[in-house]
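Note that the numbering runs from 1 along the sequence shown for the chain. Worth saying up front: this structure is predicted, and the values here are computed from it rather than measured. Values reported hereafter were calculated over all heavy atoms of this structure, with side chains retained and with hydrogens, waters and symmetry mates removed.
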Amino acid sequence: MTPLRPVAADVRDTTEIGRYLGWLATHRGLDFEDYASLHRWSVTDLDGFWSSIRDYFGVRFHTKETAVVPDPRMPGTEWFPGATLNYAEHALSHRPDDEVAVIAYAQTRPRVELTWAELRDQVARARAGLKRLGVGRGDRVVAYLPNIPETVVAYLATASLGAVWASCAPEFGARAVLDRFGQVEPKVLLTVSGYRYGTKDVDRRGEVADIVAGLPTLEHVVRVAYGDDATGWAELLDQPGEPGFEPVGFAHPLCVLFSSGTTGKPKPIVHGHGGLLLEHLKNHGLSWDLRPGDRLLWFSTTAWMMWNALVSGLLTGASIVLVDGNPLHPDLAWQWRLAAETRATTLGASPGFLMACRKADLDPAADLDLSALRQIGAAGSPLPAEGYWWVADRFPGVLLNVGSGGTDVCSGIVQGSPLQPVQAGEISGPCLGVDAQAFDERGQPVVGELGELVIIAPMPSMPVGFWSDLPVTDPDSRYRATYFADYPGVWRHGDWVRFSPDGGCVIAGRSDATLNRGGVRLGTAEFYTVVEELPEIDDSLVVHLEDPAGGNGDLRLYVVLRDGAPLDDHLRRHIKNTLKSALSPRHVPDEITAVPVIPRNRTGKKLELPVKKLLLGARPEDVVGRDVLADPTALDHFRARA
């Protein structure tokens with residue numbers, strides 16, 4: 001198959017992964033002819049690969065490790081035992097004082113810039129302020145803050161002390177925040193009293209009061225001025241501080257990320273200093289091709305793992321661009337204008353955003369100076385083949401890097417790199433150091449057919465554990481039950497995937513939302529690719545209600561209509577015939593219903609499983625909280641008809 005974009009002829013001379021290949025040849029005596037051979041080595045020689053990442057990127061251990069990975073069995077794999085380090089030290093040590101480190105755009109206040117010198121100084125001051133509040137190694141600092149420089153400063157200051165960070169975006173309601181922060185029993189809360197979203201002012205003072213009242217372990221609340229005259233942050237930073245970085249063990253907790261909470265209480269996923277440091281150096285350098293002087297722009301809120309990944313752009317010496325507010329205000333082209341203004345070299349976007357730009361027939365590269373752009377990243381949900389073609393047509397010479405991973409590893413599991421070709425509609429393959437495969441029901445690897453996405457060898461950024469659920473090797477631990485119950489010793493990620501013989505793959509949706517029709521499992525992403533290309537359809541969601549007797553069950557398709565298009569018999573027949581011809585007769589829905597909005601969580605993922613549970617009679621309060629939803633009204637239609 002001819003690739004949409006082949007590997008560039010000069011990849012070994014012009015990219016970070018090319019320089020890494022040269023370094024391996026010079027310093028390790030290792031030569032790899034292509035990505036496939038490099039990947040094979042990266043998952044079969046864990047000691048060699050991960051020690052090369054440490055050495056190539058100059059990771060500084062305060063005390064040396066006794067081994068790299070003495071026992072690779074999962075769960076409970078120990079990495080670099082004996083080593084001590086600090087994530088924040090690496091995030092702040094790369095660039096000259098006068099270069100820009102952080103650029104921040106918001107709808108609440110004017111643009112803010114921090115040089116590397118200003119960032120280092122503010123982190124040192126915040127570190128000193130947190131110490132005055134009694135924060136030390138292992139204490140929890142939590143933030144109800146938007147994606148602004150103060151949040152980055154507080155995160156790095158917390159890490160520098162060996163304290164533990166967790167954050168929620170201020171659009172979350174008090175109950176959703178307490179469901180998360182309450183699990184980690186924080187000592188300090190940083191917060192804002194409100195923000196502006198597009199043209200709307202959002203007051204969060206009531207939510208903040210409820211959060212403070214619901215966290216009995218809190219000793220201090222620090223209020224960040226953001227569109228108001230709040231006091232607290234200035235006092236925290238009012239005294240100079242000396243730079244300092246507490247050496248901690250490789251697995252010492254750096255941050256707690258929370259799962260979406262759409263399948264139960266949010267899981268408090270603990271990530272360690274060393275695991276995120278090595279994983280993000282590898283991912284950002286070798287896949288995203290970030291290097292000193294580059295600029296990374298990726299819209300995220302502080303509740304998504306992409307925020308932590310965005311901050312980690314600093315590890316490579318790149319500047320980071322923070323965006324807070326409505327990403328589509330005042331119009332769809334706003335993020336492209338920010339990319340042009342900041343000279344972004346890597347722009348991250350959701351597949352939904354790219355498809356919306358395609359439907360609107362935008363041509364950003366023709367209208368703006370995007371000559372600095374080398375990569376467009378896409379993550380969060382599958383990108384249809386038409387999105388690949390649109391990027392290739394509108395951005396010739398720019399690499400489209402589609403990936404899939406998640407909060408669980410705070411990185412990608414499958415994605416692309418400059419050393420891999422791009423095929424339309426297909427993710428390029430497993431990431432370096434990630435032995436990702438598809439397993440059938442018997443736990444056997446399959447190629448060319450759908451299976452469970454699994455990882456059969458450990459990677460450093462697999463979670464240290466779940467907060468208050470250690471050790472992970474305990475047979476009754478929630479961690480073991482989440483990832484290792486189905487295939488002992490093998491990580492089951494929860495996605496439904498098809499790998500092609502050449503290593504590329506297609507994510508077909510969450511495995512718990514796949515459709516078992518007459519004994520054949522169907523991926524939900526296939527439906528959406530077909531249905532949402534129809535001009536009458538803006539969005540869609542499909543669920544399957546199984547027949548306990550073993551029949552085909554009830555396949556239901558819900559659609560959001562565009563511009564008042566009627567869902568009449570003609571359109572219903574057209575949808576069914578299109579699905580039948582494009583996919584198969586098994587994909588034809590039994591029922592098609594128009595709804596005002598498709599339920600999604602705040603990172604844009606469709607909530608098939610909560611909808612299915614509602615339709616099967618589950619109580620709404622047991623399915624998902626409104627605060628998890630991007631649109632709090634999105635489940636009302638299904639609640640009314642459950």
*Asks:* Would a distance-only check, ignoring hydrogens and angles, find a side-chain to backbone donor-acceptor pair under 3.5 Å from H284 to A309?
*Replies:* yes

*Asks:* Any heavy-atom pair between the side chains of C431 and S411 that's under 4.5 Å?
*Replies:*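 S411 does not reach C431 side chain to side chain.
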
*Asks:* Do you see a donor-acceptor pair shorter than 3.5 Å between the side chains of Y87 and S312?
*Replies:* yes

*Asks:* Return the set of residues passing side chain to side chain contact (heavy atoms under 4.5 Å, CB included) with S461 (not counting sequence neighbours), or none when no residue passes.
*Replies:*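 Here the qualifying residues are L276, E279, V409, M459.
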
*Asks:* Would the distance check show the side chain of T346 and the main-chain N or O of L290 forming a donor-acceptor pair, the cut-off being under 3.5 Å?
*Replies:* no

*Asks:* Is any side-chain N of the basic residue among K606 and D539 closer than 4.0 Å to the acidic one's carboxylate O?
*Replies:* yes

*Asks:* Is the closest side-chain donor-acceptor distance between S259 and T407 under 3.5 Å?
*Replies:* no

*Asks:* Specify the closest pair of heavy atoms between Q183 and D179, including all atoms of both residues, with the distance to one decimal.
*Replies:*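 Between these two residues, the closest heavy atoms are NE2-O, 2.8 Å.
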
*Asks:* Examine F250 together with W79 and report whether their ring centres are nearer than 6.0 Å.
*Replies:*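 No, the ring centres sit 6.0 Å or more apart.
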
*Asks:* Should F353 and F299 be marked as a ring-ring contact (aromatic ring centres under 6.0 Å, His included) after you check the CA-CA gap, both sets of side-chain angles, and the distance that decides it?
*Replies:* CA-CA 11 Å; F353 172 72; F299 176 80; 9.2 Å; no

*Asks:* Does the side chain of T529 come under 3.5 Å of the side chain of E526 through a donor N or O and an acceptor N or O?
*Replies:*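 Judged by distance alone, the side chains do not pair up.
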
*Asks:* Given side chains that start at C-beta, do those of L38 and L432 come closer than 4.5 Å, heavy atoms only?
*Replies:* yes

*Asks:* Evaluate the criterion side-chain contact (heavy atoms from CB on, under 4.5 Å) for residue pair R498 and E449; output intermediate values, then yes/no.
*Replies:* CA-CA 5 Å; R498 180 192 298 111; E449 58 184 88; 5.6 Å; no

*Asks:* Using the salt bridge (Lys or Arg N to Asp or Glu O under 4.0 Å) criterion, which residues pair with D45? Sequence neighbours excluded.
*Replies:*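 Counting only residues at least two positions away or on another chain, D45 forms no salt bridge (Lys or Arg N to Asp or Glu O under 4.0 Å).
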
*Asks:* By side chain to side chain contact (heavy atoms under 4.5 Å, CB included), which residues pair with L178, not counting sequence neighbours?
*Replies:*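 Only I211, L215 meet the side chain to side chain contact (heavy atoms under 4.5 Å, CB included) criterion with L178.
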
*Asks:* Tell me whether R28 at atom CZ has more than 12 heavy atoms from other residues, nucleotides or ligands lying less than 6.0 Å away.
*Replies:*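 Enclosed.
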
*Asks:* Please report the shortest heavy-atom distance between S404 and I427, naming the atom on each side.
*Replies:*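 Minimum heavy-atom separation between S404 and I427: CB-CD1, 4.1 Å.
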
*Asks:* Assess, by modelled atom type and distance only, whether the side chains of S52 and D55 contain a donor and an acceptor separated by less than 3.5 Å.
*Replies:*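 Their side chains do not contain a donor-acceptor pair, so the 3.5 Å distance test is not met.
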
*Asks:* Would you sort out whether D34 and Q420 count as a side-chain hydrogen bond (donor to acceptor under 3.5 Å, both in side chains), showing the intermediate values?
*Replies:* CA-CA 8 Å; D34 55 18; Q420 297 162 273; over 6 Å; no

*Asks:* Where do R478 and P268 come nearest, in terms of heavy atoms and distance?
*Replies:*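 Taking every non-hydrogen atom into account, NH1-CD, 4.0 Å.
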
*Asks:* Please examine the side chains of L257 and C410, heavy atoms only from C-beta on, and report whether any two atoms are closer than 4.5 Å.
*Replies:* yes

*Asks:* Looking at W298 versus W288, is the centre-to-centre ring distance below 6.0 Å?
*Replies:* yes

*Asks:* Quick one, D435 and P430 - any side-chain contact, counting heavy atoms below 4.5 Å?
*Replies:* no

*Asks:* Excluding sequence neighbours, so at least two apart, what forms salt bridge (Lys or Arg N to Asp or Glu O under 4.0 Å) with D47?
*Replies:*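 Once residues adjacent in sequence are excluded, D47 has no partner under the salt bridge (Lys or Arg N to Asp or Glu O under 4.0 Å) criterion.
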
*Asks:* List in chain and number order the residues that pass side-chain hydrogen bond (donor to acceptor under 3.5 Å, both in side chains) with K605, two or more places apart in sequence or in another chain; answer none if no residue qualifies.
*Replies:* none

*Asks:* Using the test side-chain hydrogen bond (donor to acceptor under 3.5 Å, both in side chains), find all partners of T77 that sit at least two apart in sequence or belong to another chain.
*Replies:*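 Residues passing side-chain hydrogen bond (donor to acceptor under 3.5 Å, both in side chains) with T77: none at all.
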
*Asks:* Report yes or no: does D495 contribute a side-chain atom to a donor-acceptor pair with the main-chain N or O of V497 at less than 3.5 Å?
*Replies:*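 Looks like no, no N/O pair under 3.5 Å.
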
*Asks:* Angle class for the F484/W491 ring planes (parallel below 30°, perpendicular above 60°, tilted otherwise)?
*Replies:*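 Because their plane-to-plane angle is over 60°, the rings of F484 and W491 count as perpendicular.
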
*Asks:* Once salt bridge (Lys or Arg N to Asp or Glu O under 4.0 Å) is applied, do any residues pair with R40, and if so which ones, sequence neighbours excluded?
*Replies:*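 By the salt bridge (Lys or Arg N to Asp or Glu O under 4.0 Å) rule, R40 matches no residue at all.
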
*Asks:* Y483 vs Y479 aromatic rings, parallel, tilted or perpendicular, using cut-offs 30° and 60°?
*Replies:* perpendicular

*Asks:* Compute whether any side-chain donor of one residue and acceptor of the other, for H587 and S584, lie under 3.5 angstrom apart.
*Replies:*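 Distance-only check passes for H587 and S584.
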
*Asks:* Go through the steps for R556 and L615 under the test side-chain contact (heavy atoms from CB on, under 4.5 Å), then give the verdict.
*Replies:* CA-CA 10 Å; R556 300 186 183 183; L615 295 175; 4.1 Å; yes

*Asks:* Is there a side-chain contact between L635 and V611 in this structure, where contact means two heavy atoms from C-beta onward sitting under 4.5 Å apart?
*Replies:* yes

*Asks:* Quick one: does T84's side chain have a donor or acceptor within less than 3.5 Å of a partner on T63's backbone?
*Replies:*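 Yes, T84 side chain to T63 backbone: donor-acceptor pair under 3.5 Å.
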
*Asks:* Of all residues at least two apart in sequence or in a different chain, which pass the ring pair (Phe, Tyr, Trp, His ring centres under 6.0 Å) check with H273?
*Replies:* H252

*Asks:* Should I456 and Q437 count as side-chain neighbours, where that means a heavy-atom distance under 4.5 Å?
*Replies:* yes

*Asks:* With sequence neighbours excluded, what pairs up with I53 under the side chain to side chain contact (heavy atoms under 4.5 Å, CB included) test?
*Replies:* Y20, F49, W50, F57, L278, K282, L286

*Asks:* Any side-chain heavy atom of V142 within less than 4.5 Å of one from S167?
*Replies:*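 No, side chains not in contact.
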
*Asks:* What heavy-atom pair brings L4 and A424 nearest, and what distance separates the two atoms?
*Replies:*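 Minimum heavy-atom contact is CB-N, 4.1 Å.
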
*Asks:* Under the side-chain contact (heavy atoms from CB on, under 4.5 Å) criterion, do L21 and W23 qualify, and how do the steps go?
*Replies:* CA-CA 5 Å; L21 288 172; W23 183 92; over 6 Å; no

*Asks:* Would you please name every residue forming a side chain to side chain contact (heavy atoms under 4.5 Å, CB included) with R54, sequence neighbours left out?
*Replies:*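 By the side chain to side chain contact (heavy atoms under 4.5 Å, CB included) rule, R54 matches S51, V59, F61, E65, F80.
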
*Asks:* Mind checking side-chain hydrogen bond (donor to acceptor under 3.5 Å, both in side chains) for N401 and listing every partner two or more places apart, or none if nothing turns up?
*Replies:* S287, Q375

*Asks:* Please determine whether a side-chain nitrogen of the Lys or Arg among K267 and D408 lies less than 4.0 Å from a carboxylate oxygen of the Asp or Glu.
*Replies:* no

*Asks:* Are any side-chain N or O atoms of S42 and backbone N or O atoms of G433, one a donor and one an acceptor, separated by less than 3.5 Å?
*Replies:* yes

*Asks:* Could you tell me if the side chain of Y388 sits less than 4.5 Å from the side chain of L383, heavy atoms only?
*Replies:* yes

*Asks:* Taking all non-hydrogen atoms of both residues into account, name the closest pair between I320 and V311 and its distance.
*Replies:* CD1-CA, 4.0 Å

*Asks:* Who are the salt bridge (Lys or Arg N to Asp or Glu O under 4.0 Å) partners of E452, not counting sequence neighbours?
*Replies:* R492

*Asks:* Write down the atom of V490, the atom of I455, and the distance for their closest heavy-atom approach.
*Replies:*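 Looking at all heavy atoms of both residues, the shortest contact is CG1-O, 3.7 Å.
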
